[in-house]
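I have placed the structure first, in the form of structure tokens, so that the comments after it can refer back to it.
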Amino acid sequence: MRTHTCGELGSQHIGQQVTLCGWVDSYRDHGGGIFIDLRDRYGKTQIVFDPDVGRETLELARSLRSEFVISVRGKVAARPEGTVNAKIATGAIEVRPSELLLLNKSQTPPFQPGGMELPNEDLRLKYRYLDLRRGEMQATLQLRHRITIGMRKYFDEHGFLDVETPMLGRSTPEGARDYLVPSRVHNGSFYALPQSPQLYKQILMIAGYDRYVQVARCFRDEDLRADRQPEFTQLDVEMSFVTAEDIISLIDGLMARLAKEILGIDLSLPLPRMTYDEAMERYGHDAPDLRFGLEIVDLTDIAAKCDFRVFRATADEGGQVRGINAKGGAAAYSRKGIDELTNFIVQDFGAKGLAWFKVEDGGTLASPIAKNFSPEILQQISDRMQAEPGDLLVFVADTFEVSCKALYGLRKRFGVDLKLYDPKSKHFSWIVEFPMFAKDEETGGWAAMHHPFTSPRPQDIELLKTDPGKCRAQAYDLVINGFEAGGGTIRIHDPGVQQQAFELLGISPELQRERFGFLLDALAFGAPPHGGIALGLDRVVMIFGGLDNIRDCIAFPKTQKATDLMTEAPGRVDARQLRELGIQIRDPAPR
RNA sequence: GGGGGUGUAGCUCAGUUGGUUAGAGCGCUAGCCUGUCACGCUAGAGGCCGAGGGUUCAAGUCCCUUCACCCUCGCCA
């Protein structure tokens, strides 16, 4: 139907007879001549109808409107002098058609894909096919394609085998809430959509497929965020006979390749690494944004000997007094602004309050609470924080956990508010040596930080018995710009260690059999040492594309309430469908 | 489930202390215009002010309830 696309014609095509197809991006009717920008996903080309084309064609051209689909056959011509448009790739030429075909009309669109104003996101989602015609969306999906292809190529070159795993599996107790699929054949039983292909890829290792890769769709029925969708895509990898080092350097290589090909950035390898403990100490989070400084400073020792009751009591009770020096931030935050920061950490992280000082010109620490401190203590605080005039010092006195959360939240805000980094820059790093277990707030028992098959570091195996909280895992997270872009572990292949892990997690032998029986069986038939990683493809695309939410890099994303505004999924189903499944809805929601 | 933000014309938004007939730009419709490319000019149509209730002589504006979308805590790797 077409000989060329709307993005490829240039001076070298002048004089050629071509046929283009596309959408009417805009039309400019000058009475005599009519100009049309014809758009497809490759670009835009100007079509010029002048009276020579004949009355009939001119009339048809005059009737064209936004988003009509047309085909034009004609000659590529150089634009007259002075009318070249340097802003578009095809701006040196135009097509002078001899023939115009109207392939399809369009209703007046609710918004113009070629327009400059971005409509509200709910409208974009409802008319996603119009939104996807926009250049930005097309560029993003193309970026996603290039990243996916780059990943597949890299792993193919490294001898990996792409193996597909089932979507209909069984529900597992750990981790996120499952999306369930009722079985018609087995009334009352349910499949679960995979949260990740975790167990299957381990089985593949046991089966001898020592290098596995898959671009895998995953499902988690949890609340959404700007960087979280209920269905998302992982680049899933697993290898046998490897150490954590092998996995990390493999992914280092992938990131270096992608950064070079996609962003034109040279990454120096190996990528920097930081332990989990260090990340929590210095940044209060296991996925810190390392594009800027503003590290957390511990003041607990000074607090213990000061007269300010809040500080001393916290220190005496085993809590922590830690702070951040928001460099040059004194002017950026008024009393009201600081009240907002306080409200933010109290509301969102359960902090009790925010102590703060502004550093005045002479170096004096000014604050409503300053009178509670002796000059010597104030000096010590100032020294410890490396305070300089114009700085804003903020402190949180609380448990280690709360101070981490609150200071992490504050640090992120300072980073944005004080413009401490170039938003286009990228910082890659690894966080390693995660704890094996974290205290479960509800049950008071231990919960797996990753999943129950994560292997402890060899030197920490004894700690499983003596001090599980100190036990560190062979786990590693890839962090880019403060986002967890991926994470993985070396798995347990020793049945004895696996039993200890299950016991600590309070998973009874019965439950083990019921949920993981097949994996435990498989592990008993010659399981090789193995481990792997999964990268969040959507997040990688989001970060590489400099986007601020994950929906913009997914063709058909869901809203925060996990609905699809275009298809209106999820929807009610027929009574007959429910009967077949043996399902009865107890309290049907209205509508 | 908690906190916050937004919702006014098809779209993006303005709308003062509650005040009489709710505006702009874009888009749309019609007409004019051969070199525009955010074309220009003229005229016109277009409003359940998210929905429901209340206060008031009077509500886009104040109060209550509710819905949708977004950010966030919890939740989730």
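Here is the naming used below: chain letters follow the sequence lines, and residue numbers restart at 1 for every chain.
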Whether N549(A) contacts rC71(B) is assessed here as follows: a side-chain N or O lying under 4.0 Å from the phosphate OP1 or OP2. Is that the case? no
Step by step, work out the side-chain hydrogen bond (donor to acceptor under 3.5 Å, both in side chains) result for Y212(A) and Q214(A). CA-CA 7 Å; Y212(A) 146 90; Q214(A) 184 182 192; 2.7 Å; yes
D29(A) near the nucleic acid: base, sugar-phosphate alone, or nothing, with a heavy-atom cut-off under 4.0 Å? base
With a 4.0 Å cut-off on N to O distance, would you call E222(A) and R177(A) a salt bridge? yes
Under 4.0 Å from OP1 or OP2 of rA38(B): is there any side-chain N or O of S26(A) that close? no
Within the pair R28(A) and rC39(B), is there a side-chain N or O less than 4.0 Å away from OP1 or OP2? yes
With a 4.0 Å cut-off on heavy atoms, is P51(A) in touch with a base, just the backbone sugar-phosphate, or nothing at all? base
With a cut-off of less than 4.0 Å, is there a side-chain N or O of Y476(A) near OP1 or OP2 of rA77(B)? no
What contact category does D178(A) fall into here, base, sugar-phosphate, or nothing, at under 4.0 angstrom with non-hydrogen atoms? nothing
Side-chain N,O (K126(A)) to OP1/OP2 (rC69(B)) below 4.0 Å: no
Heavy atoms only, 4.0 Å cut-off, all strands: where does H451(A) land among base, sugar-phosphate and nothing? nothing
Mind checking if T489(A) touches a base, just sugar-phosphate, or nothing, with heavy atoms under 4.0 Å? nothing
Quick check on rA77(B): is either OP1 or OP2 less than 4.0 Å from any side-chain nitrogen or oxygen of Q195(A)? yes
Base, sugar-phosphate, or nothing for G486(A), non-hydrogen atoms under 4.0 angstrom? nothing
Can you identify which nucleotide, out of rU36(B), rA38(B), rC73(B), has its nearest atom closest to the Q46(A) side chain? rU36(B)
Counting only side-chain nitrogens and oxygens, does Q112(A) get under 4.0 Å of the OP1 or OP2 atom of rC11(B)? no
Side-chain N,O (K87(A)) to OP1/OP2 (rC37(B)) below 4.0 Å: no
Pick base, sugar-phosphate or nothing for L125(A), based on heavy-atom distances below 4.0 Å to the nucleic acid. nothing
Looking at R124(A), does any N or O in its side chain come under 4.0 Å of the phosphate oxygens OP1/OP2 on rC11(B)? no
Stacking between F35(A) and rU36(B), defined as ring centres under 5.5 angstrom apart with planes under 30°, is that present or not? yes
With sugar-phosphate meaning primed atoms plus P, OP1 and OP2, does Q229(A) contact a base, only sugar-phosphate, or nothing at under 4.0 Å between heavy atoms? nothing
Tell me what S196(A) touches on the nucleic acid: a base, only sugar-phosphate, or nothing, going by heavy atoms under 4.0 Å. nothing
Check the pair R491(A), S455(A) against side-chain hydrogen bond (donor to acceptor under 3.5 Å, both in side chains), reporting the backbone distance first and the verdict last. CA-CA 5 Å; R491(A) 330 296 181 188; S455(A) 173; over 6 Å; no
From the options rA77(B), rA30(B), rC37(B), select the nucleotide whose nearest atom is closest to the side chain of R220(A). rA77(B)
Is the distance from OP1 or OP2 of rC71(B) to the nearest side-chain N or O of R551(A) less than 4.0 Å? yes
Please determine whether a side-chain nitrogen of the Lys or Arg among D25(A) and K44(A) lies less than 4.0 Å from a carboxylate oxygen of the Asp or Glu. yes
Does rC69(B) have OP1 or OP2 under 4.0 Å away from a side-chain N or O of T559(A)? yes
Scan every strand shown for a Watson-Crick or G-U wobble partner of rC32(B), both distances under 3.5 Å, and answer none if you come up empty. rG40(B)
Below 4.0 angstrom from OP1 or OP2 of rU29(B), is there any side-chain N or O of R65(A)? yes
Salt bridge present between D538(A) and R144(A) (N-O < 4.0 angstrom): yes
The side chain of Q560(A) is closest to which nucleotide in this list: rG27(B), rA68(B), rC71(B)? rC71(B)
Test side-chain hydrogen bond (donor to acceptor under 3.5 Å, both in side chains) applied to R28(A) and Q46(A), step by step: CA-CA 10 Å; R28(A) 298 176 289 281; Q46(A) 176 165 276; 2.9 Å; yes
To the side chain of D223(A), which of rG2(B), rA77(B), rC75(B) is closest? rC75(B)
